[in-house]
Number of protein chains: 2
Amino acid sequence: MVVTLSQSSPATKRPLTLRDVSEASGVSEMTVSRVLRNRGDVSAETRVKVQEAAKRLGYVPNKIAGALASQRVNLVAVIIPSLSNMVFPEVLTGISDVLDDTPLQPVVGVTNYLPEKEEEVLFEMLSWRPSGVIIAGLEHSDASRAMMENAGIPIVEIMDVDGEPIDAMVGISHRRAGRKMAQAIIKAGYKRIGFMGTKMPLDHRARKRFEGFTEALAKAGLEVADQEFYSGGSALLKGREMTEAMLERTPDLDFLYYSNDMIGAGGLLYCLEKGIKVPKHIGLAGFNGVELLDGLPRKLASMGSERREIGKLAAQIIARRAQGEDPSPEDRVELTPKLKLGDTLKRKKRRD
Amino acid sequence: MVVTLSQSSPATKRPLTLRDVSEASGVSEMTVSRVLRNRGDVSAETRVKVQEAAKRLGYVPNKIAGALASQRVNLVAVIIPSLSNMVFPEVLTGISDVLDDTPLQPVVGVTNYLPEKEEEVLFEMLSWRPSGVIIAGLEHSDASRAMMENAGIPIVEIMDVDGEPIDAMVGISHRRAGRKMAQAIIKAGYKRIGFMGTKMPLDHRARKRFEGFTEALAKAGLEVADQEFYSGGSALLKGREMTEAMLERTPDLDFLYYSNDMIGAGGLLYCLEKGIKVPKHIGLAGFNGVELLDGLPRKLASMGSERREIGKLAAQIIARRAQGEDPSPEDRVELTPKLKLGDTLKRKKRRD
DNA sequence: CTGGAGTATGTTATCGCTAACAGTAAAGTC
DNA sequence: GACTTTACTGTTAGCGATAACATACTCCAG
C-alpha cells in the first residue's frame with residue numbers, strides 16, 4: 001500500500017561526505033569545502049560545478065566534523081525554566097529575531113525551575129561547546145556557576161537584575177517592580193490588600209516581586225491582609241478559584257495583587273461574573289503585561305516585563321562577543337518595566 | 001566588588017580535554033573515556049581516581065568529538081511551526097516526558113509556518129546528524145521531503161494523518177475532526193453557521209478542518225453562512241473583534257465555529273458580555289481543548305487535539321528505532337480527538 | 001604448570017571536516 | 001625579462017573523542 005519512492009538515492013546507506021562531492025565534481029575536498037562555505041577564492045566555473053554536484057547528490061554537510069575541525073560552533077545555549085509560561089517563548093522570539101541575522105542558532109533547554117535539572121541541562125549544553133549561554137535568572141547552584149565561569153564563553157543571565165551576574169545580565173528588577181506596584185496601589189487609596197501567586201521556593205523572580213511589594217507596603221504602614229499560593233494546573237482556573245476562596249475568607253479586601261497575569265485574568269473574570277465592582281469595590285493587578293489581557297472584557301492592571309526586549313538585548317550581547325568584541329560594562333542592562341493601570345486600578349485617590 | 005572565585009582553574013584559557021584528565025589521574029585517555037561513559041571494565045580504584053580528577057578540574061566532555069568518533073548523536077530534531085501557539089509547547093512536553101528516560105535529547109527548530117524556513121531549519125538540523133526527526137505536518141517542499149527520505153534516520157510526522165507520511169506518523173485527522181464537529185452542530189439543530197479562523201494558506205491542519213467541516217455541512221444541505229479570517233495579533237482579542245463584526249454583518253447566525261480555542265474564547269467572552277444567550281441563541285465551538293478553557297466563565301465546546309499524547313507517541317517511536325528496532329506498521333498512529341460539548345453547544349435537538 | 005578465560009589497561013586508526021601551508025599558472029610591475 | 005602579486009587549487013596535519021584490537025596480569029581447571 002505504501003509506495004516508497006526513493007530519491008536518486010545512491011543505494012548505499014552510508015551518508016554522503018565531502019569526498020563524495022569531491023569525486024563527483026572532480027576537485028579536491030578542500031575546494032568543495034570552500035565552495036560550500038563560500039570562503040576563499042574559487043573560480044566561478046568550479047563553484048558552479050561543485051554546487052551542482054552537491055545538490056544533485058543531496059549532500060548535507062556534517063557540522064559535527066566541521067565544528068571539531070574549526071573549533072567553532074554556531075550554537076547559543078538558551079536555558080529557561082519552562083515553556084508553558086508564555087513569557088519564555090516570548091523571550092525566545094526576541095532571541096531568534098536577533099540571531100536570525102547572524103550565523104548563530106539558539107538551542108533551548110528547559111529546567112522546570114529545578115536547580116539540579118538546570119545543572120544537568122547546562123552540562124549537556126556546554127558539552128556541545130556553544131558560542132554562548134543565555135540563561136534565565138541569577139540564582140544557580142555552585143556547580144552551575146563554576147561551569148559557566150570556566151566555560152570561557154559569554155554568559156548572559158536574563159530576566160532579573162537583582163544580584164551579581166557571572167558575566168553579562170539583561171533584565172528588570174523584580175524587587176523594584178513589586179515596590180512600584182505597591183506604591184501605585186497605595187496611591188490609589190487601597191488598604192486591605194490580598195496577594196496570590198505561585199509557590200515560590202524556586203521561582204526567585206516571583207519571590208523578589210513579593211518581597212519588594214511587602215516592603216513598600218510596610219513603608220506605608222500596611223501589610224498583606226491575606227495571601228495564597230498555588231502550583232500547577234490551569235492558571236486561569238486557579239486564579240478564579242483562589243480569588244473565590246480568598247474573598248470568602250477575607251471579605252473586606254479591597255485589592256488583589258496577582259503574581260502573574262494569567263491568574264489575575266482568572267480573578268478578573270470571577271469578579272466580573274459575580275458583579276463585583278472593579279476597580280471601585282476591589283482593585284486588581286497582575287504582572288507581565290501579556291498579550292492575552294488585550295482580549296479581556298476589562299483591561300487588567302499590570303506591569304510589562306519587557307521579555308521580548310530582554311531576549312533581543314541578550315542575543316545582541318552574544319552576537320557582539322562572538323564577533324570578537326570584548327566584554328563591556330554595557331553588557332549589564334537594567335530595563336524599566338512599564339506600569340499599566342488598565343481598568344482595574346483606580347486613577348485617583350479614594351475619598352474616605 | 002565582584003569576587004571571582006575561580007575554580008582550581010588551570011589559568012590557561014584552553015578548554016580541558018580528555019588528555020588533561022588522563023594526565024591528572026595517571027591513566028590513559030581511553031580509560032578516562034571508559035570511566036566517564038561508564039562503559040567497559042575499569043577497576044573501582046581507578047574509576048574513583050578518574051572521577052575525582054575530572055570533577056576537580058571541572059572537565060566537561062566534548063560531545064562534538066565524541067559524536068564524530070562514535071558516529072552517534074543523541075539528538076532528536078523537533079521541527080514545529082511556532083512556539084506562541086501553546087499547542088506546540090504541549091507537544092514538546094510530551095516529547096520531553098518520554099525522552100527524559102532515554103539518552104536522547106530534543107532540539108527544537110521553529111518554522112513560522114513557512115516552507116522555505118522549514119527547509120532551512122531541516123537542513124541545519126540534519127547537518128548535526130540527529131538520531132531522528134519529529135516534524136509537524138505532512139506537507140513539505142520537495143527538497144525537504146528529499147532530505148528526510150535520504151537522511152537514513154527515523155522521521156515522524158506529527159499532528160496530522162490526512163496524507164501519506166515519509167516514514168512514521170502520529171496525529172489526528174483534522175478533516176475528520178471538522179466533520180465531527182459539523183455533525184454535532186447539525187444534530188443540535190443549528191442552521192445558520194459562521195466560521196472564523198486563521199488565514200490558512202499555510203496552516204494545512206486548519207484548512208483540513210475547515211474542509212471537513214464544510215463537507216459535512218454540505219451533506220446536510222447546509223453551508224457556512226459567513227466567514228472571516230485573521231492573522232497575527234492577540235488571538236483572544238481577534239476572536240472578540242471578529243465575532244462582533246460578524247454578528248453585526250450577519251445577525252441571524254445561530255452558531256459560530258472557531259478554528260481554535262483562543263479566538264473562540266474571545267468570542268465567548270464577547271457574547272457573555274453582550275448578554276447573548278449561549279448556547280440557546282447562539283452556539284459556539286472551538287478546537288484544541290486547551291487548558292485555558294477551564295478558567296472561563298462558561299466552558300467552550302471544543303475538540304481535544306491530543307497533543308501531549310502525540311508528542312509521547314512520536315518520541316517513543318524515535319526511541320524504539322534508536323534502539324535498533326525496525327520500522328513497523330504500528331508507527332503510523334491515528335488518534336481520535338474527543339468532542340467536548342462544554343456549555344456552549346446544545347445537547348438536544350432544537351424543536352423548530 | 002600449562003592453557004584458557006576473565007579483568008584491567010593501553011595503542012592505533014579513524015570519524016569528516018577545516019586551518020595552514022604549498023604549490024602553480026596567469027597577470028602585473030618596473 | 002626577472003620578480004612580485006593575484007587567483008586558484010591541492011596537501012598535510014590535526015580537532016578530541018571512541019572502536020577495535022592488542023597486551024598484560026591475574027586466577028583456576030585439568
Side-chain angles (χ1 to χ4, degrees), chain A residues 12-51 53-54 57 59-74 103 123-124 126-131 151-152, chain B residues 12-51 53-54 57 59-75 103 124 126-131 151-152:
Chain A
T12 89
K13 231 25 188 176
R14 173 185 54 76
L16 297 167
T17 76
L18 218 42
R19 154 152 263 117
D20 295 297
V21 182
S22 134
E23 278 165 5
S25 54
V27 297
S28 74
E29 295 176 43
M30 196 59 227
T31 301
V32 175
S33 169
R34 278 192 271 251
V35 171
L36 266 31
R37 287 178 301 148
N38 205 22
R39 199 179 301 281
D41 300 310
V42 182
S43 74
E45 192 188 8
T46 47
R47 162 163 284 121
V48 173
K49 209 164 51 180
V50 169
Q51 281 167 336
L57 297 175
Y59 173 70
V60 178
N62 185 330
K63 291 219 176 184
I64 304 266
L68 183 60
S70 66
Q71 304 282 43
R72 256 183 280 105
V73 182
N74 289 325
F123 186 81
E124 175 77 20
L126 289 180
S127 74
W128 288 102
R129 301 286 186 269
S131 298
Chain B
T12 90
K13 227 34 189 168
R14 174 184 55 76
L16 297 168
T17 76
L18 217 42
R19 154 154 264 115
D20 296 298
V21 182
S22 135
E23 278 165 6
S25 55
V27 297
S28 74
E29 297 176 42
M30 196 59 229
T31 301
V32 175
S33 169
R34 278 193 269 252
V35 171
L36 267 29
R37 286 177 302 149
N38 204 23
R39 200 178 300 280
D41 300 309
V42 183
S43 73
E45 191 189 8
T46 45
R47 163 162 282 121
V48 173
K49 209 165 50 181
V50 169
Q51 281 167 337
L57 297 176
Y59 172 69
V60 178
N62 184 330
K63 290 219 176 185
I64 306 266
L68 183 60
S70 66
Q71 304 282 40
R72 258 182 281 103
V73 182
N74 289 326
L75 297 177
E124 176 76 19
L126 288 181
S127 73
W128 288 102
R129 300 287 186 270
S131 298

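Remember, predicted model here, so these are calculated numbers, not experimental data. Just so we're on the same page: letters track the sequence lines, and every chain starts at 1. Computation of the quantities below employed the complete heavy-atom set of this structure, encompassing side-chain atoms and omitting hydrogens, waters and symmetry-equivalent molecules.
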Check whether any side-chain heavy atom of Val32(B) sits under 4.5 Å from a side-chain heavy atom of Tyr59(B), and report yes or no.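 Side chain of Val32(B) against side chain of Tyr59(B), heavy atoms only: no contact under 4.5 Å found.
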Is there a side-chain contact between Val73(B) and Pro130(B), using heavy atoms and a 4.5 Å cut-off?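 Side chain of Val73(B) against side chain of Pro130(B), heavy atoms only: no contact under 4.5 Å found.
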With respect to the phosphate group of [N], does any side-chain polar atom (N or O) of [X] fall under 4.0 Å of OP1 or OP2?
| X | N | answer |
| --- | --- | --- |
| Gln71(A) | dG16(D) | yes |
| Thr31(A) | dG10(D) | yes |
| Tyr59(A) | dC17(C) | yes |
| Ser43(A) | dA7(D) | no |

Figure out the [atom1]/[atom2] separation between [X] and [N], and round it to whole Å.
| X | N | atom1 | atom2 | value |
| --- | --- | --- | --- | --- |
| Ile64(A) | dT14(C) | CD1 | C1' | 16 Å |
| Leu16(A) | dC15(C) | CG | P | 15 Å |
| Glu23(B) | dG16(D) | CD | P | 13 Å |
| Glu45(A) | dT9(D) | CD | C1' | 13 Å |
| Trp128(A) | dA17(D) | CH2 | P | 13 Å |
| Arg19(B) | dT12(C) | CZ | P | 13 Å |
| Asp41(B) | dA5(C) | CG | P | 17 Å |
| Leu36(B) | dG16(D) | CG | P | 16 Å |

Under-3.5 Å N/O pairs linking protein and nucleotides 18-21 of chain C:
{"from": "dT18(C)", "atom 1": "OP1", "to": "Arg37(A)", "atom 2": "NE", "distance (Å)": "3.3"}
{"from": "dT18(C)", "atom 1": "OP2", "to": "Ser33(A)", "atom 2": "OG", "distance (Å)": "2.3"}
{"from": "dA19(C)", "atom 1": "OP1", "to": "Arg72(A)", "atom 2": "NH2", "distance (Å)": "2.6"}
{"from": "dA19(C)", "atom 1": "OP2", "to": "Arg37(A)", "atom 2": "NH1", "distance (Å)": "3.1"}

Under-4.0 Å salt bridge between Arg19(B) and Glu23(B):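 Salt bridge present between Arg19(B) and Glu23(B).
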Which is true for Asn62(B) with a 4.0 Å heavy-atom rule: it touches a base, it touches only sugar-phosphate, or it touches nothing?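 Touches sugar-phosphate only.
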Kindly compute the distance separating CZ (Arg37(A)) from OG (Ser70(A)), expressed to the nearest 0.5 Å.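 If I round to the nearest 0.5 Å, the distance is 7.5 Å.
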If you round to the nearest 0.5 Å, how far is CD of Gln71(B) from CZ of Arg129(B)?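 Output value for this atom pair is 9.5 Å.
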With no hydrogens and no angle check, is any side-chain donor or acceptor of Ser127(B) less than 3.5 Å from a backbone partner on Asn62(A)?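 No, Ser127(B) side chain to Asn62(A) backbone: no donor-acceptor pair under 3.5 Å.
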Donor-acceptor pair, side chain of Ser22(B) and main chain of Leu18(B), under 3.5 angstrom: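 No, Ser22(B) side chain to Leu18(B) backbone: no donor-acceptor pair under 3.5 Å.
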Out of dG16(D), dC17(C), dG10(D), which has the shortest distance to the side chain of Ser28(A)?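 My answer, after comparing the listed nucleotides, is dG10(D).
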